[in-house]
Amino acid sequence: MATTQEYGLGEFDFPRGWFVVAEAKEATNKPIPMRYFGRDLILYRGQKSGKPVVMDAYCPHMKTHLAKNESSYVVMDGKHTEGDDIRCPYHGWKFGPDGKCNEIPYSPAPIPKAAKIRSYPVQEWGGFVLIWHDEEEGEPDFQPHPLPEWDDPKWVNWKVDHLGVLPCHPQEVIDNIMDKAHLGPIHGSMDMESFESVIEDHVVRQILAAGHRTLSDDILTNDTWYTGPGLLMSKMLGYYNSLMLVAHTPVEDGTTRAWHALMVEPPNMPMTKEDEEAVAAYQEGSKMALMQDFDVWKHKAPCIQIMQVIGDGPFNKVRQWYKQFFNPRKDVKMYQEKANGKWVGKGTKRDPWPEAAE
Ligand code: FES
Ligand SMILES: [Fe+2]
């Protein structure tokens with residue numbers, strides 16, 4: 001395990017962006033503890049607005065953990081959350097979803113300005129709770145990729161696979177999007193037709209056209225992209241169109257929690273028995289493919305410097321791209337300009353090595 005500083009990514013230990021912290025169904029009016037970005041956090045759902053709330057876990061009064069209590073009368077009397085607010089189990093201070101204290105039950109006004117908890121911008125997206133993490137605490141400067149498939153009745157919504165915590169920095173996972181040479185050994189790609197990488201500001205994309213040892217004899221085209229540092233999606237067109245999500249969020253500096261999910265558009269709706277089986281097999285197959293990467297990530301040592309050879313993808317470019325999220329906003333443009341571009345992987349059918357072309 002290595003830290004952000006050891007990878008030389010930038011000023012901040014944790015990246016800026018939208019990150020999955022839970023499934024939407026985990027957000028109820030009972031606050032739960034979470035840990036991400038090296039911090040203790042809490043999650044609950046406001047009863048009035050129906051919106052999830054994520055804030056730091058500790059009360060500014062005397063640092064009580066807001067979600068770890070079962071025996072206070074505040075909790076036992078059902079007063080832990082009220083409307084969109086949360087009440088501290090220790091002395092009953094009450095906080096709004098913006099984290100500001102709005103009631104100290106036993107003390108005359110005014111409420112001290114410092115009686116405030118850090119609260120995070122939140123949205124529900126594809127059945128997940130996303131938070132905007134930003135060391136500078138600014139407003140979001142990009143959005144997750146739109147997800148019209150989620151509301152489209154022609155698509156079967158995903159079931160989420162919780163993949164647990166990987167003992168490696170997300171840098172090792174990010175590298176994968178440029179990793180042309182692992183596709184054969186790990187995923188069984190064959191007869192690579194083409195491999196292209198495109199970086200445009202906060203988005204990095206891979207377009208792969210190749211056969212697959214077990215999935216298909218035909219050439220499959222996969223369009224795979226990150227929108228920011230935490231949300232990877234992949235679209236595969238075929239008899240069953242599918243859309244995969246891999247979400248990953250730092251837990252400590254050097255560890256990563258991950259989720260997998262896959263939506264499918266079956267050719268018939270309502271589905272035939274065959275479609276139902278195929279959809280389940282698709283989700284399982286897609287998860288298995290990701291587990292092949294996990295098998296490596298779980299046990300590898302940190303790679304601070306890649307020994308890049310001809311035929312590898314442009315790792316240096318994606319590492320450059322990743323830095324924009326670890327540095328102050330004023331420098332984002334500079335990092336983007338250094339990383340933006342398009343690369344065509346050589347050693348494929350469309351772009352063979354010069355010798356092979358003769
Ligand atoms: S510690 Fe939270 S109200 Fe006192
Ligand atoms: Fe992979």
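Excluded from the calculations below are hydrogen atoms, water molecules and symmetry mates; all remaining heavy atoms, backbone and side chain alike, are included. Start at 1 and go down the list; that is how both ligands and their atoms are numbered. Quick note: residue numbers are just sequence positions, from 1.
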Taking only heavy atoms of [X] into account, list the atoms of ligand 1 that are under 4.0 Å away from them.
X     : answer
Thr64 : 1 (S)
Met62 : 1 (S)
Cys88 : 1 (S), 2 (Fe), 3 (S)

- [ ] Answer whether the closest heavy-atom distance between the side chains of Glu284 and Met288 falls below 4.5 Å.
- [x] yes
TODO: For residues Gln5 and Asp13, determine if any side-chain heavy atom of one lies less than 4.5 Å from a side-chain heavy atom of the other.
DONE: yes
Open item on the list: I'd like the name of whichever of Tyr58, Tyr90, Trp93 reaches closest to atom 3 (S) of ligand 1 through any heavy atom.
Closed with: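 When every heavy atom of Tyr58, Tyr90, Trp93 is considered, Trp93 comes closest to atom 3 (S) of ligand 1.
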Open item on the list: Suppose we only count N/O/S atoms under 2.8 Å; would Gln292 qualify as near the Fe ion (ligand 2)?
Closed with: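 It does not: Gln292 brings no N, O or S atom closer than 2.8 Å to the Fe ion (ligand 2).
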Task: Any N, O or S atom of Asp293 closer than 2.8 Å to the Fe ion (ligand 2) - done: yes
Task: Shortest non-hydrogen contact between Leu43 and Pro52, atoms and distance - done: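 In this case the closest contact between Leu43 and Pro52 is CD1-CB, 4.0 Å.
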Task: Which atom of Pro60 lies closest to which atom of Ile117, heavy atoms considered - done: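 For Pro60 versus Ile117, the nearest heavy atoms are CD-CG1, 3.6 Å.
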Task: His61: its N/O/S atom lying closest to atom 4 (Fe) of ligand 1 (atom name) - done: ND1
Task: Protein contact of atom 4 (Fe) of ligand 1 - nearest heavy atom, named by residue and atom, plus distance - done: His91 ND1, 2.0 Å
TODO: May I have the angle between His187 NE2 and His182 NE2 with its vertex at the Fe ion (ligand 2), rounded to 10°?
DONE: 80°
Does [X] come within less than 4.0 Å of [Y], counting only side-chain N to carboxylate O?
X      : Y      : answer
Arg205 : Glu200 : no
Asp331 : Lys323 : no
Glu124 : Arg45  : yes

